[in-house]
Amino acid sequence: MSEEDILRSELRWGGIALAALLVMLAIIIFSAIAFAVHPPSNVETIDPATLHLKGEFIESNLGTTVADNGAVTVRIVATQFAFIPQCAPVPAGQRVTLRMAAPDVVHGILVTGTNVNTMVVPGFVSQVRTVFTELGDHLMPCHEYCGLGHSEMWGTIRVLPQAEWPQQPGKVSCAAR
Ligand code: CUA
């Protein structure tokens, strides 16, 4: 093999590598535009040392809240090794905002059978907006290793039909549902 052959071979492989990169870049751009596939982009900071003492994530404010205009917000604290509350009800077929924070270490939240999947990083509020369509209980395991109790850390999202969803504003819990 002459030096020229080697050079030609290297250029050819360089071209193949460049083409592969361009194909992957095109797929990323296409899926971002066509299917709105993107990483969670909400950047909102919160002090992890005091989030249980003041502000939005105090215990009495956790869980599912229906606002005066009917908007549904679910606030969950992910902590070693539980989700608080352990179960949160949501209405089917309606936009729901999930807001999550962690006081200790990095956790992950994933609602099976839905597109909800995000990390919960201390210092930041993780926010996901989605519409739940499948009725019933959906398991919500922690999916970031967070310590020895990680495998015991899970919660439930309970998707209720609109007919069972309370029309008046206020808190909604899984108890007695
Ligand atoms: Cu929390 Cu793993």
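Whatever order the structure lists ligands and atoms in, that order sets their numbers, starting from 1.
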Is Glu56 reaching over with its side chain to a backbone N or O of Asn61, donor-acceptor style, under 3.5 angstrom?
-> no
Kindly say whether Cys87 contributes a backbone atom to a donor-acceptor pair with the side chain of Thr156 at under 3.5 angstrom?
-> no
Given atoms SG of Cys142 and SG of Cys146, what angle do they subtend at atom 2 (Cu) of ligand 1, to the nearest 10 degrees?
-> 120°
What closest approach, in Å, do [X] and [Y] show between heavy atoms, and which atom pair accounts for it?
{"X": "Thr118", "Y": "Met100", "answer": "CG2-CE, 3.9 Å"}
{"X": "Phe57", "Y": "Ile76", "answer": "CE2-O, 3.8 Å"}
{"X": "Leu110", "Y": "Pro141", "answer": "O-CD, 3.3 Å"}

Is any N, O or S atom of Tyr145 under 2.8 Å away from atom 1 (Cu) of ligand 1?
-> no
Have a look at Glu144 and say which of its N, O or S atoms is nearest atom 2 (Cu) of ligand 1.
-> O
Return yes when at least one N/O/S atom of His150 is nearer than 2.8 Å to atom 2 (Cu) of ligand 1, and no when none is.
-> yes
Which N, O or S atom of His107 lies nearest to atom 1 (Cu) of ligand 1, by name | ND1
